Student: 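My questions all concern the structure below.
The sequence lines fix the lettering, A, B, ..., with proteins before strands; numbering per chain opens at 1. Predicted model only: the values in this text are computed from it and were never measured.
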2 protein chains.
Amino acid sequence: MSERIDEAMEKFRTRLREAGLKSTHQREVIVRRFFELDKHISTEEMLIEVKAIQPSIGYATVYRTLKLLKDQGLAIPKNFGDGQTRYDPIFEQDPEHDHLICVTCRKILEFNDEKLSERIEEIANDMGYKLVRKKIELYAECTTENCPNMPSQDSKS
Amino acid sequence: MSERIDEAMEKFRTRLREAGLKSTHQREVIVRRFFELDKHISTEEMLIEVKAIQPSIGYATVYRTLKLLKDQGLAIPKNFGDGQTRYDPIFEQDPEHDHLICVTCRKILEFNDEKLSERIEEIANDMGYKLVRKKIELYAECTTENCPNMPSQDSKS
DNA sequence: ATGAATGCAAAGCGTTTGCATCTGG
DNA sequence: CCAGATGCAAACGCTTTGCATTCAT
């Protein structure tokens with residue numbers, strides 16, 4: 001499955017090019033290792049990993065590269081309350097989605113939330129299970145006075 | 001609805017007593033205001049609120065009281081990525097729960113996850129809706145080889 | 001009385017950043 | 001060449017703590 005890493009790397013390089021940023025040796029090392037490890041990792045832990053490959057790389061570069069990945073949508077920052085920010089690589093663009101159903105007009109909106117998915121998986125793991133699939137439905141009402149999809153003067157589908 | 005604040009305060013005092021801790025004037029002021037505001041608030045913001053009532057209260061006391069509330073299960077720490085920890089008051093003990101269904105034996109486990117609920121609410125809000133209710137079902141398989149509830153040699157309920 | 005709580009200031013600690021020096025395009 | 005990138009060390013900003021004093025029980 002290292003092809004998905006190459007794929008991610010390619011996406012990374014493309015993003016850099018599109019943003020007019022440079023593809024440096026340090027970034028290659030950091031980002032590749034980041035995707036290889038494929039787990040939430042702190043800047044410091046990442047530094048150790050990277051130092052093992054290229055000792056000259058400094059903390060600031062790792063820090064800035066991780067931030068770069070976040071800005072490019074290739075990693076998401078996480079906080080577990082221990083005062084350290086950790087980053088998780090993002091491979092997929094658009095995984096399975098969940099739904100929000102308007103209780104007023106029954107309109108169904110799709111959404112996709114990384115944090116939600118993460119938490120869900122954590123919950124299952126903590127309970128000693130491995131998540132297979134999930135079903136999440138949020139029933140809510142529009143906060144603006146006039147629900148743009150009121151069934152009142154419009155026939156429901 | 002200030003009765004629910006009194007209720008929360010009472011619960012707080014009870015927790016203190018049970019833990020052999022002291023009910024001080026500062027704690028009363030901080031905790032009451034905290035429940036009154038009923039929103040995620042940072043230590044610094046809390047300090048400002050509290051100073052308006054009792055100028056002599058110091059940052060450390062607010063900090064420690066918020067931490068105390070967390071330890072007592074009356075507040076939950078939150079991180080929004082801005083580097084500051086915020087706390088949210090918890091009034092209910094055990095809100096509605098969600099389910100995890102074992103795909104192997106169909107056993108249904110209940111769980112309640114604060115972080116999950118928070119995120120769910122945030123999602124609805126971000127989408128411009130106000131959450132009314134939710135339906136969350138996680139389908140998962142036991143990670144230990146022998147599912148303790150295998151239907152094979154035991155009749156299903 | 002007396003151990004816990006408070007307030008202040010200092011120490012911690014992870015995160016950012018200024019700057020002189022490199023380097024990819 | 002030259003704007004962007006790097007490394008180092010210093011600066012930050014929020015969190016946590018040591019300690020003498022005060023307070024609740």
Student: Give a yes/no on whether any side-chain N or O of B:Thr61 is located under 4.0 angstrom from OP1 or OP2 of C:dG7.
Tutor: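 Result: yes.
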Student: Calculate the interatomic distance between A:Gln54 atom CD and D:dA5 atom C1'; express it in whole Å.
Tutor: 14 Å
Student: Can we say A:Arg119 and A:Glu122 salt-bridge, meaning some charged N sits less than 4.0 Å from an Asp/Glu carboxylate O?
Tutor: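 So A:Arg119 pairs with A:Glu122 through a salt bridge.
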Student: Identify, with sequence neighbours excluded, every residue that meets side-chain contact (heavy atoms from CB on, under 4.5 Å) alongside A:Thr61.
Tutor: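 Partners of A:Thr61 by the side-chain contact (heavy atoms from CB on, under 4.5 Å) criterion, ordered by chain and then number, come out as A:Gln26, A:Ile30, A:Ile57, A:Thr65.
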Student: Atom NZ of A:Lys70 and atom C1' of C:dT16: how far apart are they, to the nearest Å?
Tutor: 12 Å
Student: Using the ring-ring contact (aromatic ring centres under 6.0 Å, His included) criterion, which residues pair with A:His25? Sequence neighbours excluded.
Tutor: none
Student: Quick one: which of A:Arg32, A:Arg4, A:Arg15, A:Arg17 gives a salt bridge (Lys or Arg N to Asp or Glu O under 4.0 Å) with A:Glu10?
Tutor: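 With A:Glu10 as partner, A:Arg32, A:Arg4, A:Arg15, A:Arg17 yield a single salt bridge (Lys or Arg N to Asp or Glu O under 4.0 Å), made by A:Arg17.
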Student: Nearest whole angstrom, please: distance from the P of C:dC8 to the CD1 of B:Ile57.
Tutor: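 Roughly 11 Å, once rounded to whole Å.
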Student: Give me the bend of the helix from C:dA1-D:dT25 to C:dG25-D:dC1, using the axes of the five pairs at each end, rounded to 10°.
Tutor: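 The value is 40°.
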Student: Does A:Arg13 come within less than 4.0 Å of A:Glu28, counting only side-chain N to carboxylate O?
Tutor: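 The answer is yes: the pair qualifies as a salt bridge.
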Student: Find every protein N or O atom lying less than 3.5 Å from an N or O atom of nucleotides 2-4 of chain D, and list the pairs.
Tutor:
from: D:dA3; atom 1: N3; to: A:Lys22; atom 2: NZ; distance (Å): 2.9

Student: So, do B:Leu138 and B:Ile101 sit near enough that their side-chain heavy atoms are less than 4.5 Å apart?
Tutor: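 Contact flag for B:Leu138/B:Ile101 side chains = no.
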Student: With sequence neighbours excluded, give me every salt bridge (Lys or Arg N to Asp or Glu O under 4.0 Å) pair touching residues 47-62 of chain A.
Tutor: A:Arg33-A:Glu49
Student: Once you round it to whole Å, what is the distance between C1' of C:dA5 and CG of B:Leu66?
Tutor: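 B:Leu66 atom CG is separated from C:dA5 atom C1' by 16 Å.
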Student: C:dT6 phosphate, OP1 or OP2: any side-chain N/O from B:Thr24 under 4.0 angstrom?
Tutor: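 Answer yes for this pair, as a side-chain N or O of B:Thr24 is under 4.0 Å from OP1 or OP2.
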Student: Quick check: is A:Ile48 connected to A:Ile53 through a chain of hydrophobic side chains (ILVMFWY, heavy atoms under 4.5 Å apart)?
Tutor: no
Student: Considering only heavy atoms, which members of residues 30-38 of chain B lie under 4.0 Å from some atom of DNA chain C?
Tutor: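 By residue number: none to list.
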Student: Tell me, please, which residues at least two apart from A:Ser42 pass side-chain contact (heavy atoms from CB on, under 4.5 Å).
Tutor: A:Glu44, A:Glu45, A:Gln84, A:Arg86
Student: With sequence neighbours left out, write down each residue that passes side-chain contact (heavy atoms from CB on, under 4.5 Å) with A:Glu7, or none if nothing qualifies.
Tutor: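 Here no residue qualifies.
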Student: Considering residues at least two apart in sequence or located in another chain, which fulfil the side-chain hydrogen bond (donor to acceptor under 3.5 Å, both in side chains) criterion with B:Asn125?
Tutor: none
Student: Are A:Lys134 and B:Asp98 ion-paired here, with the side-chain N under 4.0 Å from a carboxylate O?
Tutor: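 Not counted as a salt bridge, because no side-chain N and carboxylate O are separated by less than 4.0 Å.
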Student: Is the shortest side-chain N/O distance from B:Gln26 to OP1 or OP2 of C:dG7 below 4.0 Å?
Tutor: yes
Student: With a 4.0 Å limit, can you tell me whether A:Ser56 has a side-chain N or O closer than that to the phosphate oxygens OP1/OP2 of D:dT6?
Tutor: no
Student: Suppose we screen for side-chain contact (heavy atoms from CB on, under 4.5 Å). Which residues come up paired with B:Lys22, at least two apart in sequence or across chains?
Tutor: B:Thr24
Student: Whole angstroms only, please: what is the CG-P distance between B:Leu16 and D:dC23?
Tutor: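 My rounded result for the distance is 18 Å.
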Student: Heavy atoms under 4.0 Å is the rule here; annotate nucleotides 10-22 of chain D 5' to 3' with B where the base is hit, S where only the sugar-phosphate is, and - elsewhere.
Tutor: ----SBBBB----
Student: Could you list the donor-acceptor pairs under 3.5 angstrom formed by side chains in residues 68-76 of chain A, with sequence neighbours left out?
Tutor:
none

